[in-house]
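Report on the following structure.
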Amino acid sequence: MSKVVVLGAGISGHTAALYLKKGLGKNHEVIVVSPNSNYQWVPSNIWVGVGLMEPNQVKFKLEPVYRRKGIVFKQALAKAIRPEGDSTSEKGFVEIEYVDEARRGQTEKVDYDFLVNATGPTLNFKATPGLGPDLYSNSVCTYDHAWHAWQNLKVAFEKMEAGVHQTFLIGTGHAMATCQGAAFEYALNIAFEVNKRGLHKFADIIWISNEYELGDFGMGGAYVKRGGYVTPTKVFTESILAEYGIRWIKRAGVYKVEPGKAYYELLDGTYHEQTFDFSMLIPGFAGAQIKAFNKKGEDITSTVFAANGMMKVDADYTPKPYEQWKSSDWPEIYQSPAYDNLYASGIAFAPPHGMSKPMESPNGTKIFPTPPRTGMPSGVIGKVVAQNVIHRIKTGRKDHPHKASMVRMGAACIVSAGYGFTKGQAATMTVSPIVPDWEKYPKYGRDIDKTVGVIGLAGHWMKLFMHYMFLYKAKAKFGWSLIPE
Amino acid sequence: MSKVVVLGAGISGHTAALYLKKGLGKNHEVIVVSPNSNYQWVPSNIWVGVGLMEPNQVKFKLEPVYRRKGIVFKQALAKAIRPEGDSTSEKGFVEIEYVDEARRGQTEKVDYDFLVNATGPTLNFKATPGLGPDLYSNSVCTYDHAWHAWQNLKVAFEKMEAGVHQTFLIGTGHAMATCQGAAFEYALNIAFEVNKRGLHKFADIIWISNEYELGDFGMGGAYVKRGGYVTPTKVFTESILAEYGIRWIKRAGVYKVEPGKAYYELLDGTYHEQTFDFSMLIPGFAGAQIKAFNKKGEDITSTVFAANGMMKVDADYTPKPYEQWKSSDWPEIYQSPAYDNLYASGIAFAPPHGMSKPMESPNGTKIFPTPPRTGMPSGVIGKVVAQNVIHRIKTGRKDHPHKASMVRMGAACIVSAGYGFTKGQAATMTVSPIVPDWEKYPKYGRDIDKTVGVIGLAGHWMKLFMHYMFLYKAKAKFGWSLIPE
Amino acid sequence: MASIHERLKNEPYSEYSFATRPTNATLFWRRCIIKQIYLFFALNLKIMRIVVGGHS
Amino acid sequence: MASIHERLKNEPYSEYSFATRPTNATLFWRRCIIKQIYLFFALNLKIMRIVVGGHS
């Protein structure tokens, strides 16, 4: 009997766990360790943040699903990995600390044959003084944050209804934050709600981003076909913002937030302030800050993890300038080079470098987005890691027949604004591959025939459809594995 | 019998003269004073500049046409206007100096009942040290210049054929030059010829412009419908340059040219150099530098003319900031406020202000295009001035039933690259009105339904068609007056 | 959604005055149920192909 | 006219990498004689209207 431990129950970890159990059956054990008792469909948090959905509509309890499927669930935080075991144990194990009410504070050693690290991001609000829902800005990164943001947004709407002008500042709250897509979607949804209420005369909505040009989205931008032209996402994105009446500040690294005021540095080295009545600023992401120790108890964290706490995998981490970035730098199987039964999936793996060109202000501040790895690729990577682990357990072989490189994977991004069968509208964009490959596609870095850039009702329906479909899949209901990631 | 004197035989003056003679008949005298014995269809000089046409194809002798029509032609330069006459004469007159071989240097006083000043631009090469075909850059402003440019261009082509890399610098040669359209067309034609010869690997073509954003064209930019979107000419123009493989430098004021090197200041105040093997840089334009004197012989040049030598007409010349520019600032009948029998037509009239927003570098250098008034509007204004003069002569009344404000006039601009029935391609753009009117059209400054932005063979055919049609019209052949301006 | 235009009126040469904006026809097609139903299926199919094709 | 692309390949983030470029379909229609003959007349008519309508 093999024992597979999955750290994290986000899109990537949850997907991995479900596939592992399905593939391994009753003879093997699958354990999920996650501090959150709920699964949440993160993309729909945007709707929570504008009051169109309740948190209950985007989350569900994990325990009943895992019980039904025969997966062991431990509501706990992973504190350290000991891949070589310790003096008393030959087997690798994870040190966890329970966070559920019954066992809060209890620690446990969970040994494993295979470990999948899918811990997702740590929302690094602390990297920007004053940032975050506990301080002076809002967030939509979790359903809690989103619900909290909606409470504050409601107040802003009430003020506008009373004739008080409000400034909304939405975007990235750190010079190297990523996940522009989510923040962008939130800005559009606020604009839609403002317009729906006829309050646009009282609203000034500002998009602030660390992107060099809009539409970079941490992917180095992309090209889509639109109206007979291959159009950079810059033009596509600016068009959408202009349509919704949103101003923008680009190349901006927010470095401090005070009540009602954000401070930022531009790529040209100048410093500015922007006042606001409501702000939603995405924090920087870090890894889960898990420690690692070898058999002797020596700290090998820097061997297993990169400096930002994300786990090193089969990527080429040699530092090289932008011009020398290659598609072969990117990992395919997400296996730790240090320990062959250790995998990292989703945001937990350390990318070899960004996709956006690194930019630095004259003051030495790096202002550019780090690479996003949300939604679709996270799910796919989780599945592929699971498939390889299943293969290894079942055959005893060490090869990895399943591969999922972000240099070959495509992804769709649906940015929806508004809600309802006839009122909603979304921009649907696809890119393939996710990471631009200028060697294979010298013209546009990606396969231009596999791009879509369409705005309309259909995209909104798809977003709604995906909401229900992926929650259905995540609940592991009948036929779940037939739904693609 | 009334006597109408027209100064200049460019598009505006020639059009005015032909209509004047047609409307006034044999009982009145129409005199044209122009230093050039030829009429030239200026837009086709581009084709001369890339060797696709001979100068003879874009010009013809004026004298035979005028003889046939009964117009008096004096090949001479207007030196001064004395609108009040002098001690010996009650009637206003013009002092001219002959430049034809027979009478070179002879002066004459040509008195008039009505004077139409259509002297066109003085190519102000001197405003930029080193600029011009006599020094270190080429020009396509006249057929002579264009022919000279082609001789130099041929050399560059020959060098590339021998494998020598060549850099082409095309654009504006002064921080406040206008006529971007012509230079832009020339750049595209060079790119086309380079590609036609398969030499693109050896060519680096650079567009340099004083525009804030490309596509400004001295008209403050415009919007055209393209592919389901209202597209700013910035996007339209950048797209064309990218398609033809042309790099660009914008917001640049060229202030000095040396052999093989242009010096420019950017709007951000920085100074740069650009080396070149071939350059075509449009000079600043000035008025014809005609003096004016009152009856006592006192210099009243500054009353009749603006500082740049262009003639003041029924415009509002009160200096005001960009935000306060109004459509009513622009003239309608092109009559001098000082002397009611004095008109200015085409480039000769002083516009109240630009159309492009004035921009200044931190060093105080004004870098932005002055307003263009070429082609279509010049012809229309010439015709309307003629019609009003005819009306005044025939009725003795002082009113002006015909009006042609650039705030109501539309214009088409065809930028053609390549040549031939199936090889040519042109971008056809229309704007209406020429001068943006943000009060009447708050969304886009112009009537968006009267805009066209189309690229294809058709535009090239139209350009060719116009070449033959307008030369036919200018030759005053059968039915010429039925051809619109 | 007229607010941007009201502001644009006073701000030519601002960065967002250079953004492309949908024509009325484009806005119509975005809301046309028939076309959008077709797009819904076409896009789903296309996305499926792109995403499923990318890993093995 | 591949030169820009060859250079673009090495210069993402350059200003002209953000220019829109015609699709192959667009390039085809620009050279399609039938469509261009139609356009020739349609554009001439439209321009005539715009230009003649502007003065009196």
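Note on naming: letters A, B, ... go to the chains in the order of the sequence lines (proteins, then strands), and numbering restarts at 1 for each one. In this text, all values refer to a predicted model and were calculated from it rather than measured experimentally.
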For A:Y441, is it the side chain, the backbone, both or neither that has a heavy atom under 4.5 Å from a heavy atom of chain D? neither

Examine whether an atom of A:T233 lies under 4.5 Å from a heavy atom of chain D, and if so say whether it belongs to the side chain, the backbone or both; otherwise answer neither. neither

Which distance, rounded to the nearest 0.5 Å, do you find between the CZ of D:F18 and the CG of A:L214? 9.5 Å

Neighbour count >12 (heavy atoms, 6.0 Å) for atom [atom1], [X]:
| X | atom1 | value |
| --- | --- | --- |
| D:I34 | CD1 | no |
| D:F41 | CZ | no |
| A:K357 | NZ | yes |
| A:K440 | NZ | no |
| D:Y38 | OH | no |

Between A:F236, A:Y223, A:Y229, which is the residue that forms a side chain to side chain contact (heavy atoms under 4.5 Å, CB included) with D:T20? A:Y229

What heavy-atom pair brings [X] and [Y] nearest, and what distance separates the two atoms?
| X | Y | result |
| --- | --- | --- |
| A:M359 | D:Y13 | CE-CD2, 3.6 Å |
| A:P232 | D:S17 | CB-O, 4.5 Å |
| D:R21 | A:K443 | NH1-O, 4.5 Å |

Indicate yes or no for a side-chain donor-acceptor contact from D:T23 to the backbone of A:V230 under 3.5 Å, with no hydrogens or angles considered. no

